[in-house]
Amino acid sequence: MYPNFDQVVAQLDSGRLQSFPGGVYPAGNKDQTSELPIRRVELASILNVPLRQHVGTEATLIVEPGQRVLKGQPLTSSHQPFAVPVHAPTSGEVVGVGHHVTAHPSGLTEQCVSLRPDGYEEWCSLTPLTDYQTLNPAKVVAAICEAGITGMGGAGFPTHIKTSSSKPIEFLVINGVECEPYITADDRLMREYAWQIRQGIDVLQHLVQPKMVLIAIEDNKPQAIEAMQIACQDKANYRVVEVETKYPAGGEKQLIQMLTGREVPRDGLPADIGILMFNVGTCYAVADAIFQGKPLIERVVTLTGGALSQPGNVWAPIGTPVAHLLNLAGYLAEKQSAPQVIMGGPMMGFTLSHADIPVVKITNCLLAPARNELRSSDNERACIRCSACADACPVTLLPQQLFWHAKAREYDKTEEYNLFDCIECGACAFVCPSEIPLVHYYRKAKAEIRLQRDEKIRAEKAKERFEARKARLEREKREREEKHRKAKEARLAASQQAGSDTSDKVAAALARAKAKRAALPDNNPDNSAPPEESVPERKTQVAAAIARAKAKKAAQQASAQETGDTENTAATDNDKQQRVAAAIARAKAKKAAQSQGSPTNNTPQPVSHSDDTTGTDADAERKKRVAAAVARAKAKKESQKLTAGPLAEDSHGTRNPPLGEASSAEDEKKRRIAAAVARAKARKEAQRDEK
Amino acid sequence: MKLTLSSSPHQRTPRDTGQVMRLVIYAMLPGLALQWYFFGWGVIVQAILAVLAAIVTEAAVLTLRGKNIRHAVSDFSAVLTALLLAVSLPPLLPWWMTVIGAVFAIAIVKQVYGGLGYNMFNPAMVAYVMLLISFPAAMTMWMPPQTLAASTVNLGDTLSVIFTGFSNAGYDVTQLRTDWDGVTMATPLDAVKTGLTQGLTYSETLNMPVFSGAFAASLGAGWAWVSLAYAAGGLALLRLRVINWHIPVSMLASVVVVSLLIHLINQDHYASPLFHLFNGSVMLGAFFIATDPVSASTTNKGRLIFGGLIGFWVVIVRTFGGYPDAVAFAVIIMNMAVPLIDYYTRPRTYGHHSHVRSGKGKRP
Amino acid sequence: MTVTIALISIGSLALLFGLILGWASIRYHVDSDPLVDQVDEILPQTQCGQCGYPGCRPYAEAIANGDDINKCPPGGEATIKKLADLMGVEPKPLDAAHGQEDVKKVAFIREDECIGCTKCIQACPVDAILGAAKHMHTVIAEECTGCDLCVEPCPVDCIDMIPVSPTTSTWKWNFTQSPKGDIAIKTVS
């Protein structure tokens, strides 16, 4: 079905590559920066390194604020495959760990480490693996992971995961296409560091063992092609391939289609069709990591656009704020009608919401366009179904249909039209004569669909938990009924026996009566708790507490018996006498407990007072809190009462003077104040209570 | 100072809808000029009438719908619709019929369906058919090409006929259409149709005066030149990538193939492919009417089917139907089939093995 | 005679088609979920009871028996639309009597104020609150459906419903909602 290895090689030999459908030809605009060598720039005064700069999860943070870190020292450590560590881009002090705006179109925050450089550029100890060819490949892969290398072309997929693919690889493709307008970072890198890229390719080639290595470069970069050809001339199975200058030739799927005529299956990966692809920048970083032991802490960033007076390519440490780089490149605010900075190229890049967003591993370009430099407008008009978008689409979707359904929020229809095969290259929106931001609609639809799927899963889970809870409640109810039934039987049995333990019963009953009487005022906090009553209330509270303590003692006695007995009943059914005794004990315990109120159903107040008798520190603490809680609860009820009716009584038992309707606003205010006063008093009282 | 946010891509081609429409209008101009040359001022007067009526209607309806007028009028879609209608009308049609046609096209066929981009049918063609059915006599009163006419109708006469029904000298349209032999001139399509029903053979009908003076035997005088001019304009549109080749090519090919087959069955009774291609509005239809993006199919395969079936219907209705020309009918019939065609001609997406229709929930 | 032939032929035709239909109904029988399950599938499963029924399934049963489809504020417009599709009725706007569609929220217990009364635990329909009597409780945010049911029973008002703030992975490309930068780029003069 797919062209096999020999057919692909024959095709490459003939020099006539296949093309992908669609595609557009935006103006290149690469001359501004392509002839300028990559510069080193001064460090920013603070660097914010996001913990997650790749596809996957954050690694575990291993530094803390105040700590001094050395250049290249890991800030996070990876414990699972999809977590890639980040490293200190320079030596300095960690001044903070927290949320900071990150390189994401939303302008939302993510976990970042803030680092203040000390200017010494002191490296941590580095461990190069120059003899990588003799080492176990797993060790080399681990080193690549430890160096924090992720794809530097755009998506940021962890490199070590790609290299540890178990599938046989025929073609290792090195992507130096760089099809986005304006960007020249890879171009310059290839021109200036071709040999190091070649070394990186060697490492990857060693790990992957492909039949052939293809280095694809767009034909608008003749110098880069030449440089790579020279660097790779001694290797027979390395081939530098010129590809047509057409956007988006640098897309992974499109480049594979151009080079090999194969298509990545819709749910698959390039490895499924025997292909692996790495960006030239990734190769450079791999060489750095293996031959020098340096982690990925800086990258080439193209600073370009009409609003910069000194555009060019720079080595930017990861975490450098965008504003710092723009200033170095001579940002001229007056050249822009509205300030706008694009991270990435004009086709797929995103606008930044903050100028102190840090440079991350996938940042290849910062574009500050001058007024009217880019033709972007929000002048959206009706779709005329001209299908220019369909002609431009590199994956042969029907963008106009997708748009139609996405706009109508018919998400199932968008999926039917393969929305998730869209690579968001922007070719459709680029050609749209009605200036419809098509990609924006697709992104929204995709985000919405993903959220809906998440929600569906959550709903499933909630349903399961709800069902489980229902089942549990049902079971508990049954158990309780069973218990009641048994208790009843036991009582019957007990009544037939002579009242052997009358004295206990009497004591329990007494305690119950007392407790009830004492608890009464507490159970109706609406009517009680005016500050004037605090002294008598306290007395009753103490009385109640004592009564409850007694009841508790009785209950403890009873429940001690009970626990022993329930075990027995569970163990054997034969011992009737024991069961009867147990039932009696249980009945007693229950009565005692009822008088006290069951712990789960009761209001918290009795609990607090029963603790009055104990005097430990912990209890005092809890008592304080409980008392405060009670006061709050009272205050809540009172304020509810107050807001409920204009004539409600306040906590002092006095009435608010009835006011005319004309002054109802003032009335309202007064009532609020009164409620606040009441609350304050309640709190004060509570504080006094605890002393 | 705040940074402005927008969604990628941040760059666009400079071609917008208004420009697309204007390019199509420019491409029509050579054909319009030749039509003026052969059929007189009436063509221009009808065009101006239709355009004015269309713009006023568009603005009025948009105001009623509470939409931005400036936007919609400046996209030139109403102008294009009006022009397509105007060039299909007989040059001396009473003014109010033209106005009704233009108003109907914009208000009913376009705006009632939701405006530009939402209309299911080609507005110009539906309006044309509406007029043809409502005013069959007036709609077939084509003037003979001025090269053949007894008297040329000047601008004053044209205006007078269109607005009052009579020329300055007091002739009405029927009298003006009469040539020096006292025979009413008809269009070539009419002539052949009438001739065939009167028992003449196809080649005999070609001896009628309407065919004299053209560069090929079966082509009506003047008509063929107009068709060629539209074809040239259409080729320019193809070159500028305003339209795709699929619809014109498949439509013309289908006209040739179907008419050739029928012609070969009985050469005496059925017209030749050349006759079909260069008479009536086949060229105009292939490049300007069937390619109207809103009401045409949007997939490439669908466009081939769409164009091919239009060509088929044109020949079938011309040969066996009651009306001499059939482009409008064919286009409307196929407009109805567009959703179905589009649904079944979806292209294969990258990485899919077939025209997978169930893309549900496979990928995160 | 002709009448007999007509009767026989029509009769046999009727028999034949009957058999075909009968066979087809067995052969192409589609097992569909009972309506209640399908409705339940669409409901958001917050179990909040704002519809007036004790949970989503009872409401699903009510809908299947002809109750209005617009009583579910957590599901909002999207759910109403889906229900309308399923039930073959016109979508209606959300019935305001049952509440408004709101942003997704999660319950949060201010833990130093919690007195450990377990009332919220009993109220939670999905067992998403953890704690024991007299001990501080906490919400398992992952499991919380944002149903609001725990707020009312709390005697000390220590439960807040906190709107779930978007993260970079849940952001819906809504530029108007994203925080705008107010930090100026320093201009070089």
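The chains referred to below are lettered A, B, ... by the order of the sequence lines, with proteins before strands, and numbering in each begins at 1. A quick note: this is a predicted structure, and the numbers were derived from the prediction, not measured.
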Exercise for review: Considering non-hydrogen atoms only, spot the tightest contact between C:E41 and A:K463 and give its length.
Suggested key: OE1-NZ, 4.2 Å

Point to revise | Student check: side-chain heavy atoms of C:K104 and A:R458 closer than 4.5 Å | key: yes

Practice item. Identify which part of C:P125 has an atom lying under 4.5 Å from any heavy atom of chain A, answering side chain, backbone, both or neither. Key: both

Review point. Hey, which of C:C144, C:C124, C:P44 has the most heavy atom pairs under 4.5 Å with chain A?
Key: C:C124

Study note, to complete from the structure: Okay, A:K456 and chain C: the region with an atom under 4.5 Å from a heavy atom over there is side chain

**Study point:** Partner set under ring-ring contact (aromatic ring centres under 6.0 Å, His included) for A:H405, not counting sequence neighbours
**Key:** A:Y417

Exercise for review: Using a cut-off of 6.0 Å, state whether more than 12 heavy atoms not belonging to A:E476 lie near its atom CD.
Suggested key: yes

Exercise for review: Please flag which part of C:C158 lies under 4.5 Å from any non-hydrogen atom of chain A: side chain, backbone, both or neither.
Suggested key: neither

Review point. C:C56 versus A:F466: any side-chain heavy-atom pair under 4.5 Å?
Key: no

Exercise for review: Provide the closest heavy-atom pair for C:D127 versus A:R465 in the form atom of the first, atom of the second, distance.
Suggested key: O-NH2, 2.7 Å

Point to revise | Residues C:V126, A:E464; criterion side-chain contact (heavy atoms from CB on, under 4.5 Å); working and verdict | key: CA-CA 8 Å; C:V126 292; A:E464 244 168 59; over 6 Å; no

Review point. How close do A:A462 and C:Q45 get, heavy atom to heavy atom, and via which atoms?
Key: CB-O, 3.2 Å

Study note, to complete from the structure: The interface call for A:R469 against chain C, heavy-atom contacts under 4.5 Å, is both

**Study point:** Residue selection (most heavy-atom pairs with chain C, distance under 4.5 Å) from A:R52, A:R472, A:E455, A:Q452
**Key:** A:R472

Point to revise | Residue part contacting chain A, namely of C:P54, when any heavy atom lies under 4.5 Å | key: backbone

